[in-house]
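The sequence lines fix the lettering, A, B, ..., with proteins before strands; numbering per chain opens at 1.
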Amino acid sequence: MATEVLVPLAGSIWEILVEVGDTVEEDDELLVIEALKMENLVYAPCDGTVSEIRVKKGDTVEDDDVLMLIKE
Amino acid sequence: MQAALEVFVNGISGVFIGLAVLYAAIKINKLLNGQEVAKKEE
Amino acid sequence: MVFFDNMGLMALTPGMVFMWLIGLTLVYLAITKQYEPLLLLPIGFGIVITNLPLTYLMEPGEGLIWRFYHYGIEWEIIPPLIFLGLGALTDFGSLLAQPRLIFLGAAAQVGVYVTFFIAYTMGFSLQEAATIGIIGGADGPTTIFLASKLAPQLLGACAVAAYSYMALVPMIMPPIMKLLTTDTERKIRMKKGRKVSSREKLFFPLIAAMVIILLVPASAPLIAMFMLGNLFRESKVVERLNEVSQNALMNIVTIFLGLSVGATMNADVFLRKEVIFIFFLGLFAFMISTASGILLAKFMNLFTQNKINPLVGAAGVSAVPMAARVVQKVGAEADKKNYLLMFAMGPNIAGVIGTVIAAGIFISILK
């Protein structure tokens, strides 16, 4: 089952630190969201493999948008 | 000293009253404009 | 030779040289540490220039910088124009989503009034004490606005104190925040607010302007411009006005503001022991404001199911958005998956409004 990684705070995608197929552990850094000129790290909610990334660098994201899917 | 105390009391209560009224205004604004649009968006 | 007699060098005093050091220090901090560079750079330069003798730059009726000061600040034009830009820059969404956090912005004004009271007991006049207290609101343009109305002789010192402490927010606030909260409290994750409709955001500046100005008419110059700027933003039909208010216009008036504030600080006015008190009292005001916001958040938690992370209370200090960023950082130290930034913006913006109301009340009683 895939777990959705949700946007924790609205902003724009500053940098994506993983690629599709990467294996991640819970609390690994996935990407950076810039809000109010501050870079905020988003962490993996669970262990698994990144199966899909739905955003790209520079995208504006709203609260609770889906950023990526992680397959456990 | 009397005058300073008066400013102190008026000031603090004034700020809280001012923002409390603004709080009420936000709530009314939400009732008037918030739900209606939320429904439309659904 | 007349040339030698007219040289500024002949009229130089040690006090002036000391003021150069202060001005150059501000320039240095602005450049190397990037402490509020947009303001401290022109302020620092203004201090140096005004302490060069025989320039008559601040001579009433004829000096160049005096004209900037007189028409810009004494005529109350520049601070309201800055507020116009701030309004255009501000997204009230976080405040509208969680309106109860507005009270944290009110609590942070407690520091203003406590400091006012202490300054008065130390021998400052009521008007001077009010101007010193408002430093605790951490709002530069409001401090300058109030000082120009109540105590112009303190304007330079209070403005520099306010802007310096705003730059030092990341150092002043965290120790107080950690002292007053437990680890468990810092880990509280707050429930996301509801979605705010664009119509609500459009109506807010209109409603807020009317409500606040009806209550505190003396706050009108700042609040009216603040809400007008926000109406530009949210109406979405005057993108040109929105854009120019938050960029070009704000940048232009910032130049005149910084330069003329700096130029008010000549050695005679600035090098007095009162100024040292102003800096201490300003810092004290800042600390009390930070603490009172946190304490109110903890108090509110006694009555509510939906807990507030008390760190957010510290953002009632209106240094936007520095205070909110500090809240995010301190929160993330306790729990790296806790994102408090947007929650902190609510009290942060409420703090701006609260400080303007506080200034308006001071003016209506003391002017």
Relative to chain C, which segment of L5(B) carries a heavy atom at a distance below 4.5 Å: side chain, backbone, both, or neither? both
Interface moiety of A24(B) toward chain C, non-hydrogen atoms closer than 4.5 Å: neither
Tell me, for [X] versus chain B, whether the close heavy atoms (under 4.5 Å) come from the side chain, the backbone, both or neither.
X: L101(C); value: neither
X: V112(C); value: neither
X: L215(C); value: side chain
X: L202(C); value: neither
X: F103(C); value: both
X: A130(C); value: neither
X: F204(C); value: both
X: L96(C); value: both
X: V211(C); value: side chain

If you count heavy-atom pairs under 4.5 Å with chain C, which of L19(B), I28(B), N10(B) comes out on top? L19(B)
Aromatic ring proximity F362(C)/Y113(C), centre distance under 6.0 Å: yes
Check the angle between the aromatic planes of Y120(C) and F116(C) and answer parallel, tilted or perpendicular using the 30° and 60° thresholds. parallel
Mind checking whether F277(C) and F124(C) have parallel, tilted or perpendicular rings, split at 30° and 60°? perpendicular
All side chain to side chain contact (heavy atoms under 4.5 Å, CB included) counterparts of A88(C), not counting sequence neighbours: N242(C), S245(C), Q246(C)
For M210(C), does the CE atom sit with more than 12 other heavy atoms under 6.0 Å from it, leaving out its own atoms? no
For P221(C) and P80(C), the nearest pair of non-hydrogen atoms, with its separation, is O-CB, 3.7 Å
Shortest non-hydrogen contact from L281(C) toward A119(C): CD1-CB, 3.8 Å
Evaluate the side-chain hydrogen bond (donor to acceptor under 3.5 Å, both in side chains) criterion for residues T142(C) and T355(C): first the C-alpha distance (whole Å), next the side-chain angles of each, then the deciding distance (0.1 Å), finally the verdict. CA-CA 7 Å; T142(C) 308; T355(C) 306; over 6 Å; no
With a 4.5 Å cut-off on heavy-atom pairs, point out which of R194(C), R100(C), Q109(C) contacts chain B the most. R194(C)
Would you call L206(C) and M227(C) a side-chain contact if the rule is heavy atoms closer than 4.5 Å? no
